[in-house]
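Quick caveat: nothing in here was measured; it's all calculated off a predicted structure.
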Number of protein chains: 2
Amino acid sequence: MTGQVRTVDGRVAGRRGQATRQKLLDCLSEMLSSSPYRDVKVIDVARKAGTSPATFYQYFPDVEGAVLEIAEQMATEGAALTELLEGRSWAGKAGWQTAQELVDGFLEFWRRNDAILRVVDLGAAEGDKRFYKLRMKILNSVNNSLADAVAELQAKGRVDKDVNPAAVAGSLVAMLAAVASHQKGFSSWGVKQAELKPNLALLVHLGVTGRKPTK
Amino acid sequence: MTGQVRTVDGRVAGRRGQATRQKLLDCLSEMLSSSPYRDVKVIDVARKAGTSPATFYQYFPDVEGAVLEIAEQMATEGAALTELLEGRSWAGKAGWQTAQELVDGFLEFWRRNDAILRVVDLGAAEGDKRFYKLRMKILNSVNNSLADAVAELQAKGRVDKDVNPAAVAGSLVAMLAAVASHQKGFSSWGVKQAELKPNLALLVHLGVTGRKPTK
DNA sequence: ACTTGTCCTGTCATGACGTCAGCTTACCGA
DNA sequence: TCGGTAAGCTGACGTCATGACAGGACAAGT
């Protein structure tokens with residue numbers, strides 16, 4: 001399905017090639033976690049991977065291209081986020097539970113991949129289509145599930161007609177992503193992680209159902 | 001208050017110097033709008049300003065330093081966002097009006113300065129203290145006003161005791177900022193700008209008051 | 001005109017970028 | 001066992017950005 005892995009000049013990569021390729025990706029990932037995106041240089045990544053810059057250019061057109069690759073891998077993992085919402089109820093105590101677990105799972109996922117997600121976010125904000133398609137791919141699972149939940153409640157008449165499920169879902173997901181990116185900012189503003197989560201869950205619950213949760 | 005403008009090597013800048021300095025900032029601003037942050041080079045900024053790279057380095061240590069300068073200017077303008085909330089009511093129809101105007105004003109401000117705000121966001125997310133202090137400075141006016149509003153309603157017993165005003169306010173502000181950054185993403189997801197705003201306003205109103213607005 | 005301090009640039013060493021030809025290594029069929 | 005072929009890697013190179021410096025250009029006061 002995914003076709004063969006190819007080098008920039010068209011050769012198919014074999015076992016060894018794929019290994020160094022992956023090593024380069026891993027090292028890049030690590031560098032993104034430890035230094036500002038702007039300062040990540042091909043030469044450093046190559047050095048860290050114990051290879052030469054020329055090798056890097058065999059597998060990727062540039063740093064951006066390699067980042068897209070990493071993000072693509074992450075996006076498939078991100079599909080697992082759907083499970084946080086699949087078949088969950090938004091009614092009564094179960095609804096509160098659903099909101100809490102969504103917040104928990106989402107923040108955890110974001111924290112685990114924050115370095116790459118930062119770059120994806122930037123690329124998307126800069127209007128690069130490849131990046132924001134990727135961003136959608138990552139968020140779509142949660143986004144769609146949330147939108148469905150809202151639409152369903154709307155069909156039952158429990159949510160106002162003039163609410164746009166997609167808009168609300170998108171905004172809530174954006175909120176979760178933004179808060180996850182700036183968790184440190186919150187803590188220096190006097191809000192502890194532990195306090196943050198229930199308040200986020202509250203906002204999600206309010207947004208989806210239009211009502212306060214029953215705890 | 002702001003002290004004199006100084007060059008990197010300590011001289012005080014005169015009239016002409018300040019002019020070129022500002023010109024460099026303006027050109028940098030423009031470049032940030034038109035090309036990815038990672039690709040903005042000192043030499044391009046200098047060329048665009050009709051001067052040489054060496055001149056740039058007289059006034060700023062590097063691109064990052066210049067961005068901080070621009071952002072600082074913007075932060076002072078950002079203080080005007082407080083007016084969107086100062087002395088507004090969150091009750092009844094007035095509350096809905098307040099929410100709408102907040103969303104409107106915020107999105108407008110963000111859109112006007114999106115290029116620099118993207119970079120500030122990135123820097124903050126990467127953990128650079130200078131950037132996230134700046135980000136707080138920009139958002140504080142709105143953040144504090146919102147938190148105050150929640151706290152006030154809480155004191156009146158109209159909002160649950162276990163809500164943390166700062167956490168809710170911070171999350172809502174983060175949501176507004178994130179949505180503003182990714183407006184294009186929404187539109188390609190089938191949500192029009194015009195639809196987005198009322199739904200955002202709804203979420204803000206729900207978050208602050210815990211109730212649906214009366215329209 | 002002369003001095004003084006501000007302002008800008010030419011130039012240079014350093015180092016990253018991205019390409020290429022060519023060397024080494026692994027695999028495979030005869 | 002032995003080439004042959006393709007994969008895999010790198011040294012070297014031209015190009016370009018960086019950042020520092022010394023010195024020339026310019027405005028203002030005397």
Under the ring-ring contact (aromatic ring centres under 6.0 Å, His included) test, which residues partner A:Tyr132, sequence neighbours left out? none

Contacts of A:Phe131 that satisfy ring-ring contact (aromatic ring centres under 6.0 Å, His included) - sequence neighbours left out: none

Between N or O atoms, less than 3.5 Å apart, protein on one side and nucleotides 26-30 of chain D on the other: list the pairs.
none

Residue pairs fulfilling salt bridge (charged side-chain N to carboxylate O under 4.0 Å, His left out) with at least one residue in residues 102-111 of chain A, sequence neighbours excluded: A:Asp104-A:Lys197, A:Glu108-A:Arg111, A:Glu108-A:Arg112

Sequence neighbours left out, what pairs pass salt bridge (charged side-chain N to carboxylate O under 4.0 Å, His left out) with at least one residue falling in residues 176-194 of chain B? none

At what distance, to the nearest 0.5 angstrom, does CD of B:Glu69 lie from CG of B:Leu28? 11.0 Å

Working to the nearest 0.5 Å, report the span between CD of B:Glu126 and CG of A:Asp114. 10.0 Å

Heavy-atom contacts under 4.0 Å between residues 35-69 of chain A and DNA chain D, which residues? A:Thr51, A:Ser52, A:Ala54, A:Thr55, A:Gln58, A:Tyr59

Helix axis bend for the helix from C:dA1-D:dT30 to C:dA30-D:dT1 - C1'-based end axes, five pairs, 10° rounding: 10°

Apply side chain to side chain donor-acceptor pair (under 3.5 Å) to A:Glu30 and list each qualifying residue two or more places apart in sequence or on a separate chain. none

Would you please name every residue forming a side chain to side chain donor-acceptor pair (under 3.5 Å) with A:Asp128, sequence neighbours left out? A:Arg130

Can you give the donor-acceptor pairs under 3.5 Å from side chains of residues 36-47 of chain A to other protein atoms, not counting sequence neighbours?
from, atom 1, to, atom 2, distance (Å)
A:Arg38, NE, B:Tyr37, O, 3.3
A:Arg38, NH2, B:Val40, O, 2.2
A:Asp44, OD1, A:Arg47, NH2, 3.4

Full working for side-chain contact (heavy atoms from CB on, under 4.5 Å) between B:Val142 and B:Leu85: CA-CA 7 Å; B:Val142 175; B:Leu85 288 165; 4.0 Å; yes

Interatomic distance, B:Gln18 CD vs C:dC7 P [rounded to whole Å]: 8 Å

Rounded to the nearest angstrom, tell me the gap between atom CG in A:Asp9 and atom P in D:dT10. 15 Å

side-chain contact (heavy atoms from CB on, under 4.5 Å) filter on A:Asp121, not counting sequence neighbours, yields A:Trp110, A:Arg135, B:His182

Across the strands shown, which category fits A:Thr20 at heavy-atom distances under 4.0 angstrom: base, sugar-phosphate, nothing? sugar-phosphate

Check the pair B:Thr76, B:Glu72 against side-chain contact (heavy atoms from CB on, under 4.5 Å), reporting the backbone distance first and the verdict last. CA-CA 7 Å; B:Thr76 63; B:Glu72 200 79 51; 5.7 Å; no

Would you tabulate the pairs of protein nitrogen or oxygen atoms and nucleotide nitrogen or oxygen atoms of nucleotides 13-15 of chain D closer than 3.5 angstrom?
none

Would a 4.5 Å heavy-atom cut-off, applied to side chains only, mark B:Met136 and B:Asn143 as touching? no

